[in-house]
Each structure stands twice: as structure tokens, then as C-alpha cells.
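One structure is given below, encoded as C-alpha cells.
Per chain, numbering begins at 1; letters A, B, ... match sequence-line order. These numbers were taken from a predicted model, which means no experiment stands behind them.
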Amino acid sequence: MSFREKTAWGMGLVLILAGIWYFKRVVGLSEALGETAAPNIRFVIGYIVLVVLASILVNIMIASASGKDAEAPADERERAILDKAGHWSGYVLAIGAVAGLWHFSWLKDGNLLFHIVFGALMASQIAEYGFQIFLFRRGV
Amino acid sequence: MAKRPPIGNRIRELREQHGQMSQAALAEAIGVTRQTVIAIEQGRYSPSLESAFRISRVFGVGLEDVFSWLEPQDN
């Protein structure tokens, strides 16, 4: 497994776990309030800090286990994979944003719009790493 | 599965003819990762023209001695 594929696995896992952490809190707060919770800046900052710290830790661990592979720039195949995965993940974000707007047009719930768009942003990042893994394994 | 490009190659055979050159050594020589050499050998990735020339130069042969168009898939 290449250094970049290991990184994709690590980052995908970090983002999934951080996303679960974030939405468990949002859902818990919403249930307690009996309505969709307003965007909570503490949760958002907590999510960002969690992702940044875990990303640093995971990347250090993978890089230290990968030797000089970690220092090499992406080669032509890896660049093609990263480009294609980034392109595909854009569709995930777009679908999520449109879904959020569609919900908003019917329910007029701005809080839900925020959570759907933020969730779509998380999902698109997770999907990007998932697409990378798929393309690393199946070919580009 | 991603559609395989209709291009065959003799890289594995040429490596074996060149003193059992490893995939890692070939990768180092042409400036790509070992996984990319594996993908090229298995036909899962078509290298750029530059990399194709680099591979043929490593083995001291022409481009068409390394790569070939696979006619049956040319439909």
C-alpha cells in the first residue's frame, strides 16, 4: 500500500470519527430541545480542533512508518487519482447543498439547512478519501 | 472495475531480462512510485508519454518494444 493510500485511509477514518462525534452532540442537543438545534460554534470549533489534531497525529504516524516514500512528491498516477477524487467529491458537496436548500424551501428551517450543508461538507471530504482509495485499488 | 486501457506491455519480461530488476528499482529510475510501476505492469494504468519513454530508455529498447496496442479491444 502506497503512502498516499495509507494517508487516505487514516484521514477518512479521522473524518468519520470526528463527524460522528459532532453529529452525536447536535442530535443529542436537538432531542433535548425538541427541535433542530441552532448551529453551535463550540461544537464546530471542537470538530475542527479534533480533525486538525487527529490529522497531525495520523500523518506523523503514517509518515514515520513510510520512510522516504513520505518525502516523495505525488507521481503522475497519484496526481491523476487525487484530481479525479477531488472532482467527484465536489458532486457530493453539491448534492448535499441542493438537498439542504430543498429542505429549507419546504420546512423554512435555517438550522437544519446549516446542519445539512455542514454535513455535506464533511461527507464530501470523507468521499474524497473514499474515492482515492477506490482509484488507488481499481485503477485510474 | 475501471476500464482497462487497450495497451499491453512487456515490462515484467524486460525487468527479468535486465538482471531481475525489481519494480522498486524501475520506479526509482523513472521517478514514480513502486505502486505505479505495478499498476502499469498489470495494465491498470497507462503511463504518460514521458514515463513511457523513460521506461523504454531504462531497458535500452524502443517504445513499441515495451508497449503495444491490444487489437481485440480496439472496437
How close do B:Thr33 and A:Asp75 get, heavy atom to heavy atom, and via which atoms? N-OD2, 2.8 Å
Closest non-hydrogen atom pair between A:Glu76 and B:Ser51, with its separation: OE1-OG, 2.7 Å
Going only through I, L, V, M, F, W and Y residues with side-chain contacts under 4.5 Å, is there a path from A:Phe134 to B:Tyr45? yes
Indicate, with yes or no, if A:Ile81 and A:Tyr129 share a hydrophobic cluster defined by side-chain heavy-atom contacts under 4.5 Å among Ile, Leu, Val, Met, Phe, Trp and Tyr. no
At a heavy-atom separation under 4.5 Å, does A:Phe136 approach chain B through its side chain, its backbone, both, or neither? backbone
As a test of understanding, state which of A:Arg77, A:Arg4, A:Met1 forms a side chain to side chain contact (heavy atoms under 4.5 Å, CB included) with B:Gln35. A:Arg77
Kindly list each side-chain donor-acceptor pair under 3.5 angstrom involving residues 52-63 of chain B, sequence neighbours excluded, with atom names and distances?
residue: B:Arg54; atom: NE; partner: B:Glu50; partner atom: OE2; Å: 3.1
residue: B:Arg54; atom: NH2; partner: B:Glu50; partner atom: OE2; Å: 2.8
residue: B:Ser56; atom: OG; partner: B:Ala52; partner atom: O; Å: 3.4
residue: B:Ser56; atom: OG; partner: B:Phe53; partner atom: O; Å: 2.9

Might you confirm whether atom CD of B:Glu28 has over 12 heavy atoms from other residues, nucleotides or ligands at distances under 6.0 Å? no
